[in-house]
Amino acid sequence: MKTMAQITHWADVTAGEALKLSNKHLVATGITPSGHIHIGNMREVVTADAAFRALLGKGADAELIYIADTFDPLRKVYPFLPESYAEHVGKPLSQVPCPCGECKNYADHFLKPFFGALEKLGIRPKVYLADELYKSGAYTQAIKTALAKRDEIANIIDEVTHKTTADDWSPFNPICTGCGKINTTKVTGFDADAETVDYTCSCGHSGTVPMSGGGKLTWRVDWPARWGILGVTVEPFGKDHASRGGSYDTGKRISREIYGYKTPYPIVYEWIMLGKKGAMSSSTGVVVSISDMLKVVPAEVLRYLIIRTKPEKHIQFDPALPLLNLVDEYEKLHYKTEITEYESTVIKLSHASGICHTDIPFKHMVTIYQAARGDIDRIMKIVARAGYNTDNEKCIRELAENVGNWLEMYAPPFAKFSVQEEVPVHAATLTGVQKAFLSAFSNIINESGELTGEDYHNLVYSAKEADSKLHSAIVQMPGVGAGELEIDPKDMFKAIYISILGQQSGPKAGWFLSSLEKDFLVRRFMDASTYKP
RNA sequence: GGGCUCGUAGCUCAGUCAGGCAGAGCGUCUGGCUUUUAACCAGACGGCCUAGGGUUCAAAUCCCUACGAGCCCGCCA
């Protein structure tokens, strides 16, 4: 039986295994920018970064790279694209126009926000764009080899996948110079010396393209070719590539038998499931984009979500209330004074440099934000009164923005409250004692100077003390029996919440009241005490 | 059809590689903070470790079978 203190974090296990093979490592990660890059994709990058950091932590000579598959074809007209994109289906993403018209191309449109997110997550890989790699000639030698060993490669694929590749199959897909598409061409021949490939296209065009930039290797060959070209030694990938007969299986053999390169150490990771909706996927529309998430939670919490779970376990992700618990858990871990080695590793791996911290818990801000009705000046006042550090206003603003976005985008109804414009109809349920309390409470507040949260709090509780000013005021109200009157502060709190929010409960009453205008409270409590439906 | 991964408290998951008393956080309940109902603290409740078989002095852990969830064998992480 192992105790928590003895558990080794998965990233350290991976790094340890990798170090047995070599001290120099290139951790690779890659995503096809065919649509909005979502939380699921983020797992790939964060997993790679974790392995990278763990390697550095163990003294390895390590590098992290990211390859954007910008040369892959546009598969179909995705739901978020206009119908006019039908003509671009089949063209490499780097040659398809940008949907917003402001980026260099289609791939760039989705990569830009993704790189922004990487920056926030504290991940700084060396970036390669696949189309540039091909155009630079980096792949040329690998393409020549693949074309020359076409039959061997086809054999490997047939053996591993138990399928039969077509007779006209080629590891290389030329881009038609006529229609610009990459998935409609057939290779008819090649010239190793001139480094060119001949093809025909279903559009009727035929011609010759250079190996550098004139097309790309098919995925199952591209991947192992890339390992050798860049020197990849560690790579995380989704479980889709990992199963028997999948591209890692064929890649392993192609890498070894065709390119003579040792297979990178694999990190297979599971999918992120969104609530009860199932796996995250661009095509089914079950998607939460990374940029959306970063509007809502600090980057470190997002890292923590992935770091704390072993890659082979699926992650149940729910941006509603469970997200709040996640944030809470992370904050607690972060401020814990005595931590185990395991926890220390988790914190290190979750850390994103350049992120500012406030000492205000996310959950608390959820209440402050709503009490302040989203007004930043009021938020700052409440925060100061609550005794938090207000030196870093920018940080607090960021947190407040996150919370505001969360409330708007994901918060479940019961986490929300709003100060009602008029006396809520629920005031009809107030008892005689509650009304008497509200009336007396209103008078006393009116006569007092500025009250602090604690003052309000103590004032409410004083209602049960027979010799208090509030208690005698209540007893003297018409309709309330004098003499032995038992007052339960709980009912008084309820009366307060009903008059202001129209609900039975609410945020801690003292400072909640102190965050609202005094005049408003005086008027509202009086109105509620005389409420007639 | 063939294969991969996962299944542990109401929820999210450690623990499985290397067998040795069933664990944590959240939630719930109770109490405390010489009285803050959504911030704090303590305690309690909570389990056929998906089911069945096998190996073993000993199984959540190893082996076999079944069931459930997700995925792959066609370029969706």
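Within every chain, numbering begins at 1; the chains are lettered A, B, ... in the order of the sequence lines, protein sequences first and strands thereafter.
- In the set A38(B), G15(B), C75(B), A38(B) carries the atom at the smallest distance from any side-chain atom of Thr367(A).
- Regarding Leu93(A), its CG atom lies at a distance of 12 Å from the C1' atom of C76(B), rounded to whole Å.
- The interatomic distance linking His9(A) (NE2) with A14(B) (P) rounds to 10 Å, in whole Å.
- Spacing between atom CZ of Arg43(A) and atom P of C71(B) amounts to 15 Å, rounded to whole angstrom units.
- The distance between atom CZ of Phe493(A) and atom P of U36(B), rounded to the nearest whole Å, is 9 Å.
- Helical stems involving RNA chain B, defined as 3 or more consecutive Watson-Crick or G-U pairs under 3.5 Å, span B:1-7 with B:67-73, B:10-13 with B:23-26, B:28-32 with B:40-44, B:50-54 with B:62-66.
- Atom-to-atom, OH of Tyr369(A) to C1' of A38(B) comes out at 18 Å; the value is rounded to the nearest Å.
- Within the structure, every side-chain polar atom (N or O) of Lys416(A) is placed at least 4.0 Å from both OP1 and OP2 of A38(B).
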Please walk me through it: do Glu300(A) and Arg303(A) pass salt bridge (Lys or Arg N to Asp or Glu O under 4.0 Å)? CA-CA 5 Å; Glu300(A) 300 197 336; Arg303(A) 285 188 68 106; over 6 Å; no
Dump every N/O contact between nucleotides 4-6 of chain B and the protein below 3.5 Å, one line per pair.
{"residue": "U5(B)", "atom": "O2'", "partner": "Glu312(A)", "partner atom": "O", "Å": "3.1"}

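- Rounded to whole Å, the distance from NE2 on His38(A) to C1' on C76(B) is 8 Å.
- Across all strands shown, Asn173(A) has heavy atoms under 4.0 Å from base atoms, whether or not it also approaches the sugar-phosphate.
- Protein atom CG of Leu513(A) is 14 Å distant from nucleotide atom C1' of A38(B), rounded to whole Å.
- In terms of position on RNA chain B, the residue among Arg308(A) and Lys494(A) whose nearest nucleotide sits closer to the 5' end is Arg308(A).
- In this structure, His457(A) atom NE2 and U37(B) atom P are separated by 6 Å, rounded to whole Å.
- Contact check, Arg220(A) against C75(B): a side-chain N or O comes under 4.0 Å of OP1 or OP2.
- Of the listed nucleotides (A39(B), U37(B), C75(B)), C75(B) has the atom at the smallest distance from the side chain of Asp72(A).
- Note on Gln370(A): nothing from the nucleic acid sits closer than 4.0 angstrom, heavy atoms only.
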For nucleotides 26-34 of chain B, read 5' to 3', which letter fits each nucleotide if B means a protein heavy atom sits under 4.0 Å from the base, S means only the sugar-phosphate is that close, and - means neither? S--------
